[in-house]
Amino acid sequence: MRDPIIRDFIAEAADGYPLSMRLIMPETPTAAVMVSSGTGFPKGFYDRFARHLASRGAAVLTYDFRGIAGSRPDDLAAMEMDYPDWGRLDMPAALDALIAAAPGLPVVHVGHSVGGHFLGFMPNHDRIDRHAFVSVGSGWWGRHHRSYNPLELFFWLGFGPFSLMRHGYIKGGGLWAGTDLPAGVWKTWRRWCLKEPYFLDELKDRLQPHHFDAVTAPIRSWVFTDDPIATPVTSPILLQVYPSAPREVVVRTPADYNVARIGHEGAFRKGLEPLWDEMFDWLVEPSAVAPS
């Protein structure tokens, strides 16, 4: 089997912001897959996953949200943005870029963590036929595993404010294992995670306009028993924001894939290829999708 074609490029969002993207695809793809990252995960984190799907015939697009990794400005502390900009501006641009690169193919979506939250902000969401959510659940700390609560509360109430004061952004490394985060991402994320409705109540006013009610493409949400955040309880809560979409939650254990741990990010690590096949098979069921 030939190595996939890999192309790194820059595509502009609707407001002109340059976004770093990567397309991994075989010579003759049969489906197009957009992968939307979790908060603080660079596009390269999903390379192994993308290569695996490319080996099965998919053109796979990964990308960095604004402020993250390849889409990070020189002066992150001076960056002005809000968390939902990732859904309103960056996800639509990535989708347009994928459709342009793989025209005429059915388009499906893999959303990791916040990548599933922000689908309803996309004005062009109707171009996507199916959504596989991975580790997507309500971020309100009070419904997470109790053993995880002290760490996340310290992140919101101690580490984060100190990092903002010292750097003007959330610096990666140490307690926060992700990439550097813009202040606008962290502040809104914290606001949501410290209140029980999360962002559901804000959809009525503060987060207008949006398209959550208009999403009708099927959603299957995979959660894992050792994930302290996206759980069999928090995943259905988050899915309430998509009332018009057929949706279901699939609960898996690490033992189902013969691995010791999956957690919140491990679904995209080496050894989870059987999970990737499971998701891809569902995404591209012959009766499920038609060319976009």
Side-chain angles (χ1 to χ4, degrees), residues 1-74 85-116 118-119 122-125 127-132 134 178-180 265 267-270 272-273 276-277 279-281 283-284 289-292:
M1 184 178 62
R2 293 184 178 181
D3 290 336
I5 301 165
I6 302 176
R7 179 166 67 93
D8 289 333
F9 62 100
I10 299 296
E12 290 188 353
D15 64 343
Y17 192 92
L19 299 169
S20 177
M21 301 191 181
R22 176 171 296 157
L23 184 69
I24 301 179
M25 61 187 292
E27 287 187 4
T28 55
T30 56
V33 182
M34 182 173 87
V35 180
S36 297
S37 306
T39 303
F41 289 90
K43 63 182 182 297
F45 178 75
Y46 304 93
D47 273 359
R48 188 184 297 273
F49 174 70
R51 285 174 175 272
H52 183 80
L53 267 55
S55 75
R56 296 200 53 192
V60 185
L61 183 85
T62 59
Y63 60 102
D64 289 322
F65 288 123
R66 65 185 60 206
I68 302 298
S71 300
R72 183 191 194 276
D74 292 335
D85 290 345
W86 288 359
R88 298 190 198 282
L89 298 167
D90 301 354
M91 292 175 70
L95 179 57
D96 287 345
L98 176 59
I99 291 173
L105 296 181
V107 179
V108 294
H109 177 224
V110 176
H112 178 210
S113 193
V114 80
F118 285 174
L119 162 64
M122 297 177 66
N124 58 349
H125 66 85
R127 302 297 302 276
I128 303 174
D129 295 302
R130 279 195 166 194
H131 303 273
V134 182
T179 64
D180 296 345
E265 83 298 328
F268 296 96
R269 296 192 184 280
K270 183 179 180 180
L272 271 294
E273 289 83 357
W276 304 346
D277 287 332
M279 291 191 295
F280 188 66
D281 288 343
L283 284 169
V284 297
V289 296
S292 297

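Throughout, numbering of the chain's residues begins at 1 and tracks the sequence. Quick caveat, the model's predicted, so the values are computed rather than measured.
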Of all heavy-atom pairs between Ile10 and Pro18, which one has the smallest distance, and what is that distance? CG2-CB, 3.6 Å
Please work out which of the three classes, parallel, tilted or perpendicular, describes the rings of Tyr46 and His112, given edges at 30° and 60°. perpendicular
On the 0 to 90° scale, with breaks at 30° and 60°, tag the Phe65-Tyr63 ring pair as parallel, tilted or perpendicular. perpendicular
Looking only at non-hydrogen atoms, find the nearest pair between Arg22 and Gly44 and report the distance. NH1-CA, 3.9 Å
Mind listing the closest non-hydrogen atom pair of Tyr17 and Gly67 along with its distance? OH-N, 3.8 Å
Can you confirm whether Ile99 sits close enough to Val107 that some side-chain heavy atom of one is under 4.5 Å from a side-chain heavy atom of the other? yes
Minimum side-chain heavy-atom gap Ile5-Ile24 below 4.5 Å: no
Is any side-chain heavy atom of Ile68 closer than 4.5 Å to a side-chain heavy atom of Thr39? no
Begin from the C-alpha positions of Ser20 and Lys43 and carry the test side chain to side chain donor-acceptor pair (under 3.5 Å) through to its verdict. CA-CA 9 Å; Ser20 177; Lys43 63 182 182 297; 2.8 Å; yes
If you take all heavy atoms of Ala13 and Leu19, which pair is closest and at what distance? CB-CD1, 4.0 Å
Among Val284, Leu98, Val108, find the one that has a side-chain contact (heavy atoms from CB on, under 4.5 Å) with Val33. Val108
Does the pair Phe41 and Thr179 meet the rule for a side chain to side chain contact (heavy atoms under 4.5 Å, CB included), with working shown? CA-CA 6 Å; Phe41 289 90; Thr179 64; over 6 Å; no
Does Met21 reach the side chain of Leu61, with side-chain heavy atoms less than 4.5 Å apart? yes
Beyond-backbone contact of Val134 with Met279, side-chain heavy atoms, under 4.5 angstrom: yes
Is there a side-chain contact between Phe268 and Leu272 (heavy atoms, below 4.5 Å)? no
Can any side-chain N or O of Trp276 pair as donor or acceptor with the backbone N or O of Ala267 at less than 3.5 Å? yes
Evaluate the criterion side chain to side chain contact (heavy atoms under 4.5 Å, CB included) for residue pair Arg48 and His52; output intermediate values, then yes/no. CA-CA 6 Å; Arg48 188 184 297 273; His52 183 80; 5.9 Å; no
Min side-chain heavy-atom separation Leu89-Arg66 under 4.5 Å: yes
With a 4.5 Å heavy-atom cut-off, do Leu95 and Met122 have their side chains touching? yes
Is the shortest side-chain N to carboxylate O distance from Arg56 to Asp281 below 4.0 Å? yes
Identify the two heavy atoms, one from Ala59 and one from Pro26, that lie closest to each other, and give their separation to 0.1 Å. N-CD, 4.3 Å
Enumerate the side chain to side chain donor-acceptor pair (under 3.5 Å) contacts for residues 94-109, please, sequence neighbours excluded, ordered by first and then second residue. Ser36-His109, Asp96-Asn124, His109-His131
Evaluate Phe45 against Arg269 for side chain to side chain contact (heavy atoms under 4.5 Å, CB included), listing each step before the verdict. CA-CA 8 Å; Phe45 178 75; Arg269 296 192 184 280; 3.6 Å; yes
Between the main-chain N or O of Gly70 and the side-chain N or O of Asp64, is there a donor-acceptor pair closer than 3.5 Å? yes
List the steps and the verdict of side chain to side chain contact (heavy atoms under 4.5 Å, CB included) for Val35 and Val60. CA-CA 7 Å; Val35 180; Val60 185; 3.7 Å; yes
Closest approach of Gly115 and Met91, non-hydrogen atoms and distance? O-CE, 3.6 Å
